[in-house]
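Notes to accompany the following structure.
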Amino acid sequence: MQRQVAAQAAFATPEEAMAATPFAERWSEPVRRHWLATALERRRDGSFAWRYHPPGVAETEAALLPDRWHEVVVGCRVLLVRGAESDIISPAELDRAAPWLPQPRRAELPAANHRLSQDNPVGFAALVADALADG
């Protein structure tokens with residue numbers, strides 16, 4: 001996300017921003033409309049820009065990466081899922097989390113970056129349904 005926010009700061013139209021959003025072509029129309037309504041702001045010159053503050057995006061993403069799993073107490077099985085094409089959460093991140101969780105189940109969601117339920121909603125729903133069915 002931080003690369004996208006930093007590299008593509010302004011767009012002539014909301015549609016141009018949507019076209020630059022990875023996997024957005026797979027999103028439902030309501031998700032697309034919501035994304036455009038919340039992620040963009042119109043600038044004085046009529047162009048559109050991300051509402052995100054790039055340094056804040058970078059800081060938030062960096063805060064998600066430190067190894068804090070030893071501080072987390074979980075009492076139930078956990079499904080650890082990462083988008084197979086994620087540029088934020090690596091397989092190593094799941095490796096670091098797994099030892100601290102009871103009976104962790106790992107999965108990689110094909111055709112997804114880090115917005116799992118947006119990028120591949122059918123695949124994400126199937127993963128969750130399978131995990132729930134397995135108890």
Side-chain angles (χ1 to χ4, degrees):
M1 184 67 172
Q2 51 187 294
R3 282 185 293 224
Q4 180 184 10
V5 170
Q8 299 166 315
F11 304 94
T13 66
E15 293 75 22
E16 184 180 308
M18 183 59 69
T21 302
F23 301 100
E25 70 278 357
R26 298 178 184 151
W27 298 354
S28 68
E29 193 53 39
V31 169
R32 292 168 65 89
R33 281 194 307 270
H34 175 75
W35 179 255
L36 289 175
T38 59
L40 293 175
E41 62 186 1
R42 185 182 287 271
R43 295 165 44 172
R44 287 190 182 126
D45 65 2
S47 66
F48 293 84
W50 298 118
R51 289 185 190 271
Y52 313 117
H53 179 62
V57 170
E59 183 179 331
T60 299
E61 286 185 6
L64 295 172
L65 298 178
D67 190 354
R68 296 192 127 125
W69 288 103
H70 62 283
E71 299 172 12
V72 176
V73 178
V74 178
C76 62
R77 290 185 65 198
V78 173
L79 175 61
L80 293 170
V81 183
R82 72 175 289 278
E85 299 176 45
S86 178
D87 53 1
I88 296 173
I89 305 297
S90 69
E93 296 301 321
L94 300 188
D95 291 341
R96 290 192 324 175
W100 299 99
L101 301 169
Q103 301 176 322
R105 179 176 171 183
R106 292 178 52 151
E108 283 204 355
L109 181 62
N113 195 311
H114 68 282
R115 295 175 292 246
L116 304 173
S117 62
Q118 287 174 250
D119 295 347
N120 185 346
V122 172
F124 182 72
L127 282 176
V128 172
D130 288 348
L132 292 172
D134 287 345

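Starting from 1, each residue takes its place in the sequence as its number.
Residues passing the side chain to side chain contact (heavy atoms under 4.5 Å, CB included) test with Glu29, sequence neighbours excluded: Arg32, Arg33. Applying the side chain to side chain contact (heavy atoms under 4.5 Å, CB included) criterion to Ala98, with sequence neighbours excluded, gives Leu80, Pro104. Remark: Asp119 engages Trp27 in a side chain to side chain donor-acceptor pair (under 3.5 Å) (not counting sequence neighbours). For Ser117, the side chain to side chain contact (heavy atoms under 4.5 Å, CB included) partners two or more places apart in sequence, or in a different chain, are Phe124. Contacts of Ala111 classified as side chain to side chain contact (heavy atoms under 4.5 Å, CB included), with partners at least two apart in sequence or in another chain: Arg26, Asn120. Not counting sequence neighbours, Glu25 has no partner by the salt bridge (Lys or Arg N to Asp or Glu O under 4.0 Å) test.
Residues Arg43 and Phe11 form no side-chain contact, since every pair of their non-hydrogen atoms from C-beta on lies 4.5 Å or further apart. Annotation: side chain of Met18 is in contact with side chain of Leu36 (closest heavy-atom distance under 4.5 Å).
Across all their heavy atoms, Ala107 and Leu94 have their closest contact at O-CD1, 4.3 Å. Across all their heavy atoms, Trp35 and Arg115 have their closest contact at CH2-NH1, 3.7 Å. Nearest heavy atoms, Thr38 versus Arg51: O-CD, 2.9 Å. Annotation for Pro102 and Gly75: closest pair CG-C, 4.3 Å, computed over non-hydrogen atoms.
Applying the salt bridge (Lys or Arg N to Asp or Glu O under 4.0 Å) test to residues at least two apart or on different chains, the pairs with a partner in residues 98-113 are Arg82-Glu108, Asp95-Arg106, Arg105-Asp134.
Criterion: ILVMFWY side-chain heavy atoms under 4.5 Å apart, direct or through other members. Under it, Leu79 and Val122 are not part of a common hydrophobic cluster.
Rounding to the nearest 0.5 Å places CG of Leu116 at 8.5 Å from CG of Leu127. Atom-to-atom distance recorded for Phe48:CZ and Arg42:CZ is 3.5 Å, nearest 0.5 angstrom. Rounding to the nearest 0.5 Å places CD of Glu93 at 9.5 Å from OG of Ser86.
A donor-acceptor pair is defined here as one N or O able to donate and one able to accept, closer than 3.5 Å; such a pair exists between the side chain of Asp45 and the backbone of Ser47. The closest donor-acceptor contact from the side chain of Thr21 to the backbone of Ala24 lies at 3.5 Å or more, if one exists at all.
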